[in-house]
Colleague: 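Take this structure first; my questions come after.
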Number of protein chains: 2
Amino acid sequence: MNTREKILTTAAFLFQKNGYHATGLNEIIKESGTPKGSLYYYFPNGKEELVAATIKLMGDKIQHQIEEELAKNSDPVQAFKEFILDLARDFNEKDHENCFSISLLALETVSMSESLRKTCIEVYDLWTDIYYHKLVDSGFSSEKATELSSILQLMIEGAITVSLIRNDTTMLVAAAEKIPILLDNN
Amino acid sequence: MNTREKILTTAAFLFQKNGYHATGLNEIIKESGTPKGSLYYYFPNGKEELVAATIKLMGDKIQHQIEEELAKNSDPVQAFKEFILDLARDFNEKDHENCFSISLLALETVSMSESLRKTCIEVYDLWTDIYYHKLVDSGFSSEKATELSSILQLMIEGAITVSLIRNDTTMLVAAAEKIPILLDNN
DNA sequence: GTCTATACACAGATAGAC
DNA sequence: GTCTATCTGTGTATAGAC
């Protein structure tokens with residue numbers, strides 16, 4: 001793992017866990033064992049450039065995990081249900097390292113930087129598109145799939161957030177149980 | 001409005017909008033027009049004590065607004081639907097001053113302070129309880145009401161978050177449209 | 001490309017006059 | 001109770017040796 005990657009993965013972990021403003025550059029360089037000079041060599045525009053890169057990194061990583069998970073079941077109801085239950089299983093890992101959420105970063109950027117906000121929206125769109133295509137491939141109309149993929153995004157987002165705050169996966173499981181009635185009534 | 005109230009309402013606005021770490025005490029005293037000495041006179045334990053007080057304040061304020069909104073319709077489906085559509089209407093006000101969300105603060109506190117996290121959970125429980133009682137009063141079983149009130153909480157939370165990030169109320173409206181199938185299938 | 005020392009600004013907190 | 005001056009720590013960012 002090269003220096004750039006070390007900085008990026010450490011930053012991703014800390015930003016996702018503690019948020020943008022609570023994470024210091026000094027903390028990132030200490031934790032990753034890289035000198036400050038390297039950070040500014042690879043990210044000349046400092047903290048904002050670094051966080052933008054981490055948001056994209058997390059977005060891509062999570063995108064691939066979603067694709068993998070959804071591909072396991074051809075039935076969309078089963079696929080989404082299993083996907084969310086899998087999020088619940090991952091949740092218990094230490095420090096929620098695999099947590100599928102950039103909510104904290106996204107909410108922080110809303111009132112901070114228009115360009116970072118757009119970066120977050122692009123990531124969300126990436127994920128929602130996967131849901132959309134899974135639904136279309138399963139026979140849903142384009143219109144229905146558009147609506148439902150957004151609702152799925154919103155429910156998953158909400159369930160992860162509530163789980164993080166309560167430190168309890170009950171709501172992820174409860175959300176998974178609601179998938180059938182959400183997708184069947186169409 | 002006395003000095004304490006001025007500090008508290010200004011802090012509540014800034015904390016909710018920008019988050020805990022992005023809001024400086026200097027910004028709060030400047031915006032509220034109160035001297036720093038007063039802030040530490042009323043909140044001797046500084047920033048953490050102040051944010052705890054604002055979380056409770058926002059929790060109570062929002063609690064009363066939820067109660068009012070839900071009381072307008074006796075039919076629970078209609079009540080919750082109108083409630084969420086009302087959130088969408090309020091959303092467009094400047095700086096989202098009436099936004100029914102402490103998500104940003106709650107997510108920030110998760111990795112920061114156990115006692116603040118608990119304060120946030122108490123606020124969420126306050127809101128979920130209102131949903132619960134509305135459902136029970138409408139004839140839902142205690143068991144169903146427990147499950148559904150949490151799902152409602154999660155959906156409202158998710159819809160507001162997505163709306164904030166996208167700066168667009170589409171998802172609040174979409175969530176409101178899903179209320180009938182969420183509550184009817186029981 | 002790598003590394004350290006340092007600059008500069010601002011944060012939260014405090015002391016003490018009034 | 002109110003107000004301001006100030007302390008101390010930390011944050012981001014930079015300069016410049018190697």
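These numbers come from the heavy atoms of this one structure, side chains and all, not from hydrogens, waters or symmetry mates. As the structure is a computational prediction, the values presented were derived from the model and not from experiment. Each chain gets a letter, A, B and so on, in the order the sequences are listed, and its residues count up from 1.
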Colleague: To the nearest Å, give me how far apart CG (B:L25) and P (D:dT8) are.
Modeller: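 After rounding, the gap between these two atoms is 19 Å.
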
Colleague: For the pair made of CG in B:L39 and P in D:dT4, what is the distance, rounded to whole Å?
Modeller: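 Rounding to the nearest Å, CG of B:L39 and P of D:dT4 are 14 Å apart.
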
Colleague: Within this structure, what is the NE2-to-C1' distance between A:H21 and C:dC10, rounded to whole angstrom?
Modeller: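 That distance rounds to 13 Å.
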
Colleague: To the nearest Å, give me how far apart CD1 (B:I29) and P (C:dC10) are.
Modeller: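 Between P of C:dC10 and CD1 of B:I29: 14 Å.
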
Colleague: When all nucleic acid strands are considered with a 4.0 Å heavy-atom cut-off, which category describes A:T34: base, sugar-phosphate, or nothing?
Modeller: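 Nothing, no heavy atom under 4.0 Å.
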
Colleague: Which is true for A:G37 with a 4.0 Å heavy-atom rule: it touches a base, it touches only sugar-phosphate, or it touches nothing?
Modeller: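 Here A:G37 touches the bases of the nucleic acid.
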
Colleague: Is the ring pair A:F80/A:Y131 parallel, tilted or perpendicular, if the boundaries are 30 and 60 degrees?
Modeller: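 Ring orientation of A:F80 relative to A:Y131: perpendicular.
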
Colleague: Please pick, from C:dG12, C:dT2, D:dT12, the nucleotide with the shortest atom-to-atom distance to any side-chain atom of A:Y40.
Modeller: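 Nearest to the side-chain atoms of A:Y40, counting from C-beta on, is D:dT12.
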
Colleague: Side-chain N or O of B:T3 less than 4.0 angstrom from OP1 or OP2 on D:dG1?
Modeller: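 Checking D:dG1 against B:T3, no side-chain N or O comes under 4.0 Å of OP1 or OP2.
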
Colleague: So which nucleotide from C:dT2, D:dT2, D:dT12 ends up closest to the side chain of B:S38?
Modeller: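 Looking only at heavy atoms from C-beta outward on B:S38, the closest nucleotide is D:dT2.
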
Colleague: Whole angstrom is fine here: how far is it from CG in A:L14 over to C1' in D:dG11?
Modeller: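 One finds 15 Å between C1' of D:dG11 and CG of A:L14, rounded.
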
Colleague: How long is the line joining NZ of B:K36 and P of D:dT2, in whole Å?
Modeller: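 In whole Å, D:dT2 P lies 17 Å from B:K36 NZ.
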
Colleague: Could you tell me how far apart B:N26 (CG) and D:dT6 (C1') are, to the nearest whole angstrom?
Modeller: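 Rounding to the nearest Å, CG of B:N26 and C1' of D:dT6 are 13 Å apart.
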
Colleague: Is any side-chain heavy atom of B:Q16 closer than 4.5 Å to a side-chain heavy atom of B:M58?
Modeller: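 Side chain of B:Q16 against side chain of B:M58, heavy atoms only: contact under 4.5 Å found.
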
Colleague: Can you tell me which nucleotide in D:dA13, C:dG12, D:dT2 comes closest to the side chain of B:K47?
Modeller: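 Selected nucleotide (nearest to the side chain): C:dG12.
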
Colleague: Among C:dG12, D:dG1, D:dT12, find the nucleotide with the atom closest to the side chain of B:Y42.
Modeller: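 Of the candidates, D:dG1 comes closest.
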
Colleague: Across the strands shown, which category fits A:F43 at heavy-atom distances under 4.0 angstrom: base, sugar-phosphate, nothing?
Modeller: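 Since no nucleic acid heavy atom lies under 4.0 Å of A:F43, the category is nothing.
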
Colleague: Which heavy atom of B:A175 sits nearest to which heavy atom of B:A159, and what is that distance?
Modeller: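 So the two residues come closest at CB-CB, 4.0 Å.
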
Colleague: Quick one: does A:I102's side chain get under 4.5 Å of A:W127's, heavy atoms only?
Modeller: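 Yes, close enough: below the 4.5 Å cut-off.
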
Colleague: Is the shortest side-chain heavy-atom distance between A:K144 and A:V136 below 4.5 Å?
Modeller: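 No, their side chains stay 4.5 Å or more apart.
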
Colleague: Considering heavy-atom distances to DNA chain D, does A:Y20 or B:Y41 have its closest nucleotide positioned more toward the 5' end?
Modeller: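 Of the two residues, B:Y41 wins.
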
Colleague: Between D:dA13 atom C1' and A:E49 atom CD, what is the distance in whole Å?
Modeller: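 Roughly 14 Å, once rounded to whole Å.
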
